[in-house]
Amino acid sequence: MEQTSKDPLHGKRLDAILEELVDYYNGFEELGKQINIRCFNADNPSINSSLKFLRKTDWARAKVESLYLYVLRQKKKKGLL
């Protein structure tokens, strides 16, 4: 029998998480309001530049993952999952 992880982050790539958050918040501006990180509030933020920062900065990645889990709970409440 195959075991499946109950961790919603298991097997989820950071780029997919970030893209989903940017989509959920309709862009980097709103995402930057949720998490005040310079890579989201820069003049011209992008997925690639944000990924470079998040891969090197554990505390920022933890905030993004935490927000992602919150968004998943919100989607589940609204019946979007």
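Only this structure's heavy atoms are used, side chains among them; waters, hydrogens and symmetry mates stay out.
Among residue pairs with one or both ends in residues 28-41, those qualifying as side chain to side chain donor-acceptor pair (under 3.5 Å) are E30-K33, N36-N41; sequence neighbours excluded.
The OG atom of S50 sits 4.0 Å away from atom CZ of F28, with the distance rounded to the nearest 0.5 Å. For the atom pair L31 CG and I37 CD1, the distance stands at 8.0 Å (nearest 0.5 Å). Separation of atoms CG (L18) and CG (D23) is listed at 11.0 Å; rounding is to 0.5 Å. The line from CG of L54 to OG of S49 is 9.0 Å long, rounded to the nearest 0.5 Å. Atom OH in Y24 sits 10.0 Å away from atom CG in L72 (nearest 0.5 Å). The distance from atom CD1 of I47 to atom CG of D15, rounded to the nearest 0.5 Å, is 8.0 Å.
Residues that satisfy the salt bridge (charged side-chain N to carboxylate O under 4.0 Å, His left out) test with E65, not counting sequence neighbours, are R61. K12 meets the salt bridge (charged side-chain N to carboxylate O under 4.0 Å, His left out) test with E20; sequence neighbours excluded.
Across all their heavy atoms, G32 and F40 have their closest contact at CA-CB, 3.8 Å. Taking every heavy atom of both residues into account, P45 and C39 meet most closely at CB-O, 3.3 Å.
Taking the six-membered ring where the residue is Trp, W59 and F53 present perpendicular rings, their angle passing 60° and hence far from 30°.
When side chains are defined from C-beta on, L14 does not count as touching Y68, because their heavy atoms never get closer than 4.5 Å. Inter-residue side-chain proximity for R55 and L51 is flagged as met; some heavy-atom pair is nearer than 4.5 Å.
Atom CG of D58 has 12 or fewer heavy atoms from other residues, nucleotides or ligands within 6.0 Å.
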